[in-house]
Amino acid sequence: MKEFDYEKLVTATDGFSPSRLIGKGSHGYVYKGLLHEEDKRHSVVAIKTPSLSPSPSSLLFEKSEQMKKLENEINVLSSLPCSPHVLSFLGHAEKRLMVVELMPNGSLHQLLHVSTTLPPPTWLKRIEIALQIARAVHFLHGQGIVHRDIKSDNILFDWDWEPKLADFGLAAHLADEKRPPPAGTIGYLDPCYTCPENMSTKVDVYSYGVVLLEIVSGRKAIDVTRSPTSIVDWAVPLINEGKVGEICGGGSAVFVGTNLRLLRMAARCVSSDVETRPSAGEITAEIVLCLAGPLRSLPLWMSFFRGVVKLKRRRTRLRETLTWPGQTCHVR
Ligand SMILES: Nc1ncnc2c1ncn2[C@@H]1O[C@H](COP(=O)(O)OP(=O)(O)OP(=O)(O)O)[C@@H](O)[C@H]1O
């Protein structure tokens with residue numbers, strides 16, 4: 001695990017300057033940092049601090065909840081092998097600051113529910129996101145880890161708009177003898193997860209099911225302006241009646257069939273019968289099958305077009321890395 005000098009990270013964020021603040025969570029602040037490497041190159045990274053002042057000389061050395069959460073995130077992320085579907089961990093300073101790859105394109109929540117500038121993601125992009133996140137969850141479970149906070153806010157996009165699972169503050173090892181008390185986010189939290197002993201991979205499968213419903217329907221996990229407010233209470237009866245159109249609004253026949261398949265799987269993920277929920281591996285395999293049908297019917301010119309778009313994005317990314325004010329930057 002790479003250890004950074006605390007002061008080096010303070011300099012990288014311009015003394016935690018508000019102009020470098022990218023986002024605030026309930027436990028942490030995330031800053032954009034510019035690291036000066038020994039070989040004179042520069043890297044743009046994200047630096048996470050507990051939401052209280054990160055000064056090492058203050059009384060805040062006493063471990064607050066925020067600090068414990070960040071320390072847990074550092075321990076979990078640093079124990080994981082690299083995965084293209086999980087936020088890359090780059091190092092830490094005194095376990096009080098965490099350095100990770102910068103995700104410049106916001107979260108899935110912003111893309112689906114907030115952004116007014118970006119066009120809504122295409123059907124294909126939505127399913128690709130669902131697949132990448134299923135792979136991330138499958139990978140984590142394979143490592144004996146439960147994320148416990150899967151939600152659209154914790155799915156972030158990299159420079160190429162590839163989604164990655166982030167925010168491991170609540171993650172826990174299944175093998176640990178002492179299990180943490182239940183935790184998560186309302187709307188995504190498995191209602192069957194009521195005591196520490198109930199912690200299992202199926203807790204993540206429930207939350208993943210909620211995200212899948214969000215991706216396919218475009219509706220928020222909890223929407224107080226609608227009744228029922230919960231996406232699960234709204235979607236599951238409609239899925240049981242096969243009313244795909246009411247959930248995701250029509251579309252061509254091939255997409256309706258595939259959406260019904262995806263929605264049925266989402267309904268299994270959020271089932272109150274925990275045993276019948278699919279594993280993350282089953283979910284991944286099912287989405288691959290769902291993707292295969294419509295992709296086969298895509299004309300050849302469309303695949304070529306998608307290749308060109310990806311290439312263009314890479315070029316934009318390169319341009320952006322070279323335009324840090326007054327600096328030439330290299331992005332990890
Ligand atoms: N690597 C990153 N690159 C860019 N933005 C990030 C990165 N990590 C987190 N963010 C943004 O920073 C904000 C806070 O991050 P995060 O969700 O990890 O904090 P948190 O306090 O653990 O969250 P929560 O409120 O879910 O407990 C979010 O808006 C998130 O989108």
Residue pair [X] / [Y]: nearest heavy atoms and the distance that separates them:
X	Y	value
His92	Ile74	CB-CD1, 3.9 Å
Ser107	Leu156	CB-CD2, 3.7 Å
Asn72	Ala171	ND2-O, 2.9 Å

Heavy-atom donor-acceptor pair, [X] side chain to [Y] backbone, under 3.5 Å:
X	Y	result
Arg219	Ser217	no
Lys48	Val99	no
Thr13	Val10	yes
Arg277	Ser271	yes
Arg148	Leu170	yes

Applied to residues 192-225, the ring-ring contact (aromatic ring centres under 6.0 Å, His included) test, sequence neighbours excluded, yields none
Quiz prompt | Whether over 12 other heavy atoms sit under 6.0 Å from Arg261 CZ | solution = yes
Not counting sequence neighbours, which residues clear ring-ring contact (aromatic ring centres under 6.0 Å, His included) with His109? List them please.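 Applying ring-ring contact (aromatic ring centres under 6.0 Å, His included) to His109 gives His113.
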- Less than 4.0 Å between a side-chain N and a carboxylate O, is that true for Glu101 and Lys164?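 Answer for the salt bridge query: yes.
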Please list every donor-acceptor pair under 3.5 Å in which a side-chain atom of residues 175-187 meets a protein atom from a residue at least two apart or in another chain.
| unit_1 | atom_1 | unit_2 | atom_2 | d |
| --- | --- | --- | --- | --- |
| Arg179 | NH1 | Met199 | O | 2.8 |
| Arg179 | NH2 | Leu174 | O | 2.8 |
| Thr185 | OG1 | Asp149 | OD1 | 2.6 |
| Thr185 | OG1 | Lys151 | NZ | 3.2 |

Gap separating the CG atom of Leu131 from the CG atom of Leu212, nearest 0.5 angstrom
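Separation between the atoms: 11.0 Å.
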Worksheet entry | Mutual orientation of the aromatic rings belonging to Phe157 and Trp161 [parallel < 30°, tilted 30-60°, perpendicular > 60°] | tilted
message = Does anything in residues 221-242 form a salt bridge (charged side-chain N to carboxylate O under 4.0 Å, His left out)? List the pairs, not counting sequence neighbours.
response =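 Sorted pair list: Glu241-Lys243.
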> In chain order, what residues pass the side-chain hydrogen bond (donor to acceptor under 3.5 Å, both in side chains) check against Thr284, with sequence neighbours excluded?
Replying inline: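 Result, side-chain hydrogen bond (donor to acceptor under 3.5 Å, both in side chains) vs Thr284: none returned.
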For this session: Report the residues that fulfil side-chain hydrogen bond (donor to acceptor under 3.5 Å, both in side chains) with Glu282, sequence neighbours left out, ordered by chain and then residue number.
Result: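 Glu282 satisfies side-chain hydrogen bond (donor to acceptor under 3.5 Å, both in side chains) with Arg268 once adjacent residues are dropped.
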